[in-house]
Amino acid sequence: SPITSYLVEYSTSGTFDESTPSSTISSTSELISGLINSQEYTLRVTATNAVGDSFPSATASVTPAATSSSPYALILDVISSTEIDLEWSPPKDTTGGAVTGYQIERHSGDGVFVVIATTTVDGTSSDTTYSDTGLFPGSTHTYRISAINTAGTSAPSGSSTATTFTVPGAPTNLSTL
(Lines give C-alpha, C1' and ligand atoms only; values in the text may rest on other atoms or scores of the structure.)
Protein backbone atom coordinates (compact mmCIF):
# COMPACT_ATOMS: atom_id res chain seq x y z
CA SER A 1 0.00 0.00 0.00
CA PRO A 2 1.43 3.46 -0.85
CA ILE A 3 2.54 5.87 1.85
CA THR A 4 -0.16 8.46 2.54
CA SER A 5 1.63 10.68 5.07
CA TYR A 6 4.65 11.14 7.28
CA LEU A 7 4.82 12.16 10.94
CA VAL A 8 7.88 14.33 11.64
CA GLU A 9 8.75 14.62 15.35
CA TYR A 10 11.42 16.86 16.85
CA SER A 11 12.74 17.01 20.39
CA THR A 12 15.32 19.04 22.32
CA SER A 13 15.81 16.28 24.91
CA GLY A 14 16.30 13.39 22.48
CA THR A 15 13.26 11.54 23.86
CA PHE A 16 9.87 11.18 22.20
CA ASP A 17 6.40 10.84 23.77
CA GLU A 18 2.85 12.11 23.29
CA SER A 19 3.91 15.69 24.10
CA THR A 20 6.70 15.79 21.48
CA PRO A 21 6.09 18.51 18.86
CA SER A 22 5.26 17.02 15.46
CA SER A 23 3.91 17.73 11.97
CA THR A 24 1.98 15.43 9.66
CA ILE A 25 3.02 15.98 6.05
CA SER A 26 2.38 14.35 2.66
CA SER A 27 5.79 14.90 1.04
CA THR A 28 9.33 13.81 1.86
CA SER A 29 10.51 17.29 2.84
CA GLU A 30 9.34 19.70 5.51
CA LEU A 31 10.28 23.19 6.69
CA ILE A 32 9.96 23.32 10.47
CA SER A 33 9.49 26.87 11.71
CA GLY A 34 9.70 28.21 15.24
CA LEU A 35 12.95 26.46 16.15
CA ILE A 36 15.51 28.24 18.31
CA ASN A 37 18.86 29.04 16.67
CA SER A 38 21.88 27.27 18.18
CA GLN A 39 19.56 24.77 19.98
CA GLU A 40 20.18 21.14 19.00
CA TYR A 41 17.11 19.15 17.91
CA THR A 42 16.67 15.41 17.41
CA LEU A 43 14.27 14.42 14.64
CA ARG A 44 12.60 11.20 13.57
CA VAL A 45 10.00 10.28 10.94
CA THR A 46 7.20 7.69 10.87
CA ALA A 47 5.52 6.70 7.58
CA THR A 48 1.79 5.92 7.37
CA ASN A 49 -0.21 3.98 4.79
CA ALA A 50 -3.67 2.32 4.70
CA VAL A 51 -2.38 -0.56 6.84
CA GLY A 52 -0.89 1.59 9.63
CA ASP A 53 2.28 3.27 10.88
CA SER A 54 5.87 2.19 10.33
CA PHE A 55 8.42 2.01 13.08
CA PRO A 56 10.10 5.41 13.54
CA SER A 57 13.19 6.11 11.48
CA ALA A 58 16.64 6.38 12.99
CA THR A 59 17.08 9.79 14.59
CA ALA A 60 18.99 12.68 13.07
CA SER A 61 20.35 15.73 14.85
CA VAL A 62 20.21 19.27 13.54
CA THR A 63 21.17 22.67 14.98
CA PRO A 64 19.56 25.62 13.21
CA ALA A 65 21.88 28.52 12.50
CA ALA A 66 21.08 32.15 11.94
CA THR A 67 22.76 35.06 10.32
CA SER A 68 24.50 37.43 12.70
CA SER A 69 23.09 40.78 13.67
CA SER A 70 24.02 43.73 11.44
CA PRO A 71 27.38 45.48 11.57
CA TYR A 72 27.05 48.97 13.06
CA ALA A 73 28.82 52.33 13.51
CA LEU A 74 29.74 52.73 9.85
CA ILE A 75 32.18 55.62 9.50
CA LEU A 76 33.23 57.11 6.17
CA ASP A 77 36.49 58.99 5.67
CA VAL A 78 36.95 60.97 2.46
CA ILE A 79 40.62 60.47 1.58
CA SER A 80 40.80 62.23 -1.79
CA SER A 81 38.83 63.21 -4.85
CA THR A 82 38.74 59.52 -5.86
CA GLU A 83 38.74 57.54 -2.57
CA ILE A 84 36.43 57.00 0.41
CA ASP A 85 37.53 54.68 3.23
CA LEU A 86 34.96 52.76 5.28
CA GLU A 87 35.27 51.43 8.82
CA TRP A 88 32.61 49.66 10.88
CA SER A 89 32.06 47.66 14.06
CA PRO A 90 31.39 43.92 13.79
CA PRO A 91 27.97 42.53 14.74
CA LYS A 92 27.20 42.27 18.44
CA ASP A 93 25.29 38.97 18.04
CA THR A 94 27.08 36.11 16.31
CA THR A 95 25.30 33.21 18.04
CA GLY A 96 24.38 31.81 14.60
CA GLY A 97 28.06 31.39 13.75
CA ALA A 98 31.26 33.36 13.41
CA VAL A 99 31.41 36.12 10.80
CA THR A 100 33.39 34.88 7.80
CA GLY A 101 33.20 38.04 5.68
CA TYR A 102 31.43 41.27 4.86
CA GLN A 103 29.39 42.47 1.90
CA ILE A 104 29.91 46.14 1.01
CA GLU A 105 27.14 47.88 -0.94
CA ARG A 106 27.07 51.35 -2.48
CA HIS A 107 24.60 53.56 -4.28
CA SER A 108 25.43 56.80 -6.01
CA GLY A 109 22.19 58.76 -5.84
CA ASP A 110 19.77 56.39 -7.57
CA GLY A 111 18.76 54.64 -4.32
CA VAL A 112 19.67 51.20 -5.69
CA PHE A 113 22.39 49.52 -3.65
CA VAL A 114 24.88 47.42 -5.61
CA VAL A 115 27.40 45.00 -4.08
CA ILE A 116 30.85 46.45 -4.78
CA ALA A 117 32.92 44.02 -2.71
CA THR A 118 32.82 40.92 -0.55
CA THR A 119 35.64 40.55 1.95
CA THR A 120 36.95 37.59 3.93
CA VAL A 121 37.61 37.77 7.67
CA ASP A 122 41.16 36.68 8.51
CA GLY A 123 41.48 37.92 12.09
CA THR A 124 43.34 41.15 11.32
CA SER A 125 42.39 44.73 12.09
CA SER A 126 41.58 45.24 8.39
CA ASP A 127 38.58 42.89 8.70
CA THR A 128 36.26 45.84 9.31
CA THR A 129 37.71 48.34 6.83
CA TYR A 130 37.43 48.86 3.09
CA SER A 131 38.80 51.44 0.64
CA ASP A 132 36.53 52.39 -2.25
CA THR A 133 38.80 53.79 -4.97
CA GLY A 134 38.41 54.96 -8.54
CA LEU A 135 35.55 57.34 -7.71
CA PHE A 136 34.90 60.61 -9.54
CA PRO A 137 35.76 63.97 -7.93
CA GLY A 138 32.77 65.59 -6.23
CA SER A 139 30.66 62.42 -6.40
CA THR A 140 28.30 61.42 -3.58
CA HIS A 141 28.07 57.80 -2.44
CA THR A 142 25.98 56.00 0.19
CA TYR A 143 27.26 52.77 1.75
CA ARG A 144 25.98 49.95 3.92
CA ILE A 145 27.60 46.76 5.22
CA SER A 146 26.24 43.24 5.85
CA ALA A 147 27.95 40.43 7.76
CA ILE A 148 28.30 36.95 6.24
CA ASN A 149 28.40 33.64 8.14
CA THR A 150 27.63 30.02 7.28
CA ALA A 151 23.88 30.70 7.59
CA GLY A 152 23.93 33.57 5.05
CA THR A 153 24.06 37.35 4.90
CA SER A 154 22.76 39.58 7.69
CA ALA A 155 20.46 42.53 7.31
CA PRO A 156 22.50 45.58 6.28
CA SER A 157 23.88 48.18 8.65
CA GLY A 158 22.50 51.68 8.70
CA SER A 159 23.72 53.65 5.72
CA SER A 160 26.24 56.51 5.62
CA THR A 161 26.86 59.04 2.87
CA ALA A 162 29.98 60.98 1.83
CA THR A 163 31.12 63.12 -1.11
CA THR A 164 34.61 62.92 -2.57
CA PHE A 165 36.69 66.08 -2.69
CA THR A 166 36.39 68.25 -5.78
CA VAL A 167 39.37 69.17 -7.86
CA PRO A 168 39.82 72.96 -8.07
CA GLY A 169 39.02 74.61 -11.35
CA ALA A 170 41.77 76.06 -13.49
CA PRO A 171 42.91 79.54 -12.42
CA THR A 172 41.42 82.38 -14.45
CA ASN A 173 42.06 86.14 -14.91
CA LEU A 174 45.82 85.76 -14.97
CA SER A 175 47.82 88.93 -15.38
CA THR A 176 51.44 89.88 -15.40
CA LEU A 177 53.04 92.46 -13.16
Side-chain angles (χ1 to χ4, degrees), residues 8-14 20-23 29-43 59-172:
V8 178
E9 299 174 284
Y10 53 98
S11 166
T12 57
S13 66
T20 301
S22 62
S23 298
S29 65
E30 171 73 352
L31 176 65
I32 302 171
S33 60
L35 302 180
I36 299 169
N37 293 323
S38 302
Q39 167 71 54
E40 183 177 22
Y41 292 86
T42 303
L43 293 90
T59 60
S61 294
V62 64
T63 304
T67 59
S68 68
S69 60
S70 301
Y72 66 100
L74 175 58
I75 299 170
L76 305 180
D77 187 12
V78 178
I79 300 301
S80 70
S81 62
T82 61
E83 179 178 340
I84 298 174
D85 287 355
L86 294 73
E87 184 174 355
W88 60 90
S89 295
K92 291 180 180 179
D93 179 4
T94 58
T95 56
V99 173
T100 57
Y102 291 96
Q103 176 178 282
I104 294 101
E105 295 178 283
R106 174 185 73 206
H107 86 71
S108 301
D110 59 3
V112 178
F113 281 95
V114 175
V115 176
I116 59 167
T118 301
T119 65
T120 302
V121 169
D122 62 9
T124 65
S125 62
S126 66
D127 286 344
T128 56
T129 63
Y130 178 77
S131 294
D132 191 12
T133 59
L135 304 171
F136 290 108
S139 57
T140 300
H141 305 279
T142 301
Y143 299 88
R144 66 185 186 184
I145 312 295
S146 298
I148 301 168
N149 68 9
T150 56
T153 304
S154 74
S157 66
S159 60
S160 292
T161 301
T163 302
T164 57
F165 297 136
T166 49
V167 176
T172 59

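- Using a 4.5 Å cut-off on side-chain heavy atoms (C-beta onward), Leu76 and Asp85 make no contact.
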Can Ile32 and Leu43 be said to form a side-chain contact (heavy atoms from CB on, under 4.5 Å), step by step?
CA-CA 11 Å; Ile32 302 171; Leu43 293 90; 3.6 Å; yes

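- Applying the ring-ring contact (aromatic ring centres under 6.0 Å, His included) definition to pairs two or more places apart or across chains, none involves residues 136-168.
- At distances below 3.5 Å, not a single donor-acceptor pair connects side-chain atoms of Ser22 with backbone N or O atoms of Val8.
- Rounding to the nearest 0.5 Å places CD of Glu87 at 9.5 Å from CG of Leu74.
- Taking the side chain as every heavy atom from C-beta outward, Glu9 and Pro21 never approach each other to under 4.5 Å.
- With contacts defined as side-chain heavy-atom distances shorter than 4.5 Å, the pair Ser154/Pro71 qualifies.
- The line from CZ of Arg144 to OG of Ser70 is 10.0 Å long, rounded to the nearest 0.5 Å.
- In terms of heavy-atom proximity, Thr42 sits nearest to Ser61 at OG1-OG, 4.1 Å.
- Judged as a side-chain hydrogen bond (donor to acceptor under 3.5 Å, both in side chains), and not counting sequence neighbours, Ser23 has no contacts.
- Closest non-hydrogen pair, Gly138 versus Thr166, comes out as CA-CG2, 3.4 Å.
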Assess whether side chain to side chain donor-acceptor pair (under 3.5 Å) is satisfied between Ser131 and Thr133, documenting all intermediate values.
CA-CA 6 Å; Ser131 294; Thr133 59; over 6 Å; no

Between Ile145 and Tyr130, is a side-chain contact (heavy atoms from CB on, under 4.5 Å) present by the stated rule, with each step listed?
CA-CA 10 Å; Ile145 312 295; Tyr130 178 77; over 6 Å; no

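- Contact between Ala162 and Val78 at its shortest, heavy atoms only, is CB-CG2, 3.8 Å.
- The side-chain heavy atoms of Ser139 and Thr163, taken from C-beta on, include no pair separated by under 4.5 Å.
- Minimum interatomic distance between Arg106 and Leu135 (heavy atoms only, all atoms of both residues): NH1-CD2, 3.4 Å.
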Please walk me through it: do Thr82 and Thr164 pass side-chain contact (heavy atoms from CB on, under 4.5 Å)?
CA-CA 6 Å; Thr82 61; Thr164 57; over 6 Å; no

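- Without hydrogens or angle criteria, Ser11 side chain to Gly14 main chain gives a donor-acceptor distance under 3.5 Å.
- Between Tyr41 and Thr63, the closest side-chain pair of non-hydrogen atoms is not below 4.5 Å.
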Derivation of the side-chain contact (heavy atoms from CB on, under 4.5 Å) call for Thr12 and Gln39
CA-CA 8 Å; Thr12 57; Gln39 167 71 54; 3.7 Å; yes

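- Using a 4.5 Å cut-off on side-chain heavy atoms (C-beta onward), Ile148 and Gln103 make contact.
- Here the side chains of Thr129 and Leu86 are not in contact, with every heavy-atom distance at 4.5 Å or above.
- Side chains of Thr100 and Asn149: no donor on one and acceptor on the other come within 3.5 Å.
- Sorted by first and then second residue, the pairs that involve residues 59-110 and meet ring-ring contact (aromatic ring centres under 6.0 Å, His included), not counting sequence neighbours, are Trp88-Tyr102, His107-Phe113.
- Ser81 places no side-chain N or O within donor-acceptor distance of the main-chain N or O of Pro137, the cut-off being under 3.5 Å.
- Considering only heavy atoms from C-beta on, Ile116 comes within 4.5 Å of Asp132 through its side chain.
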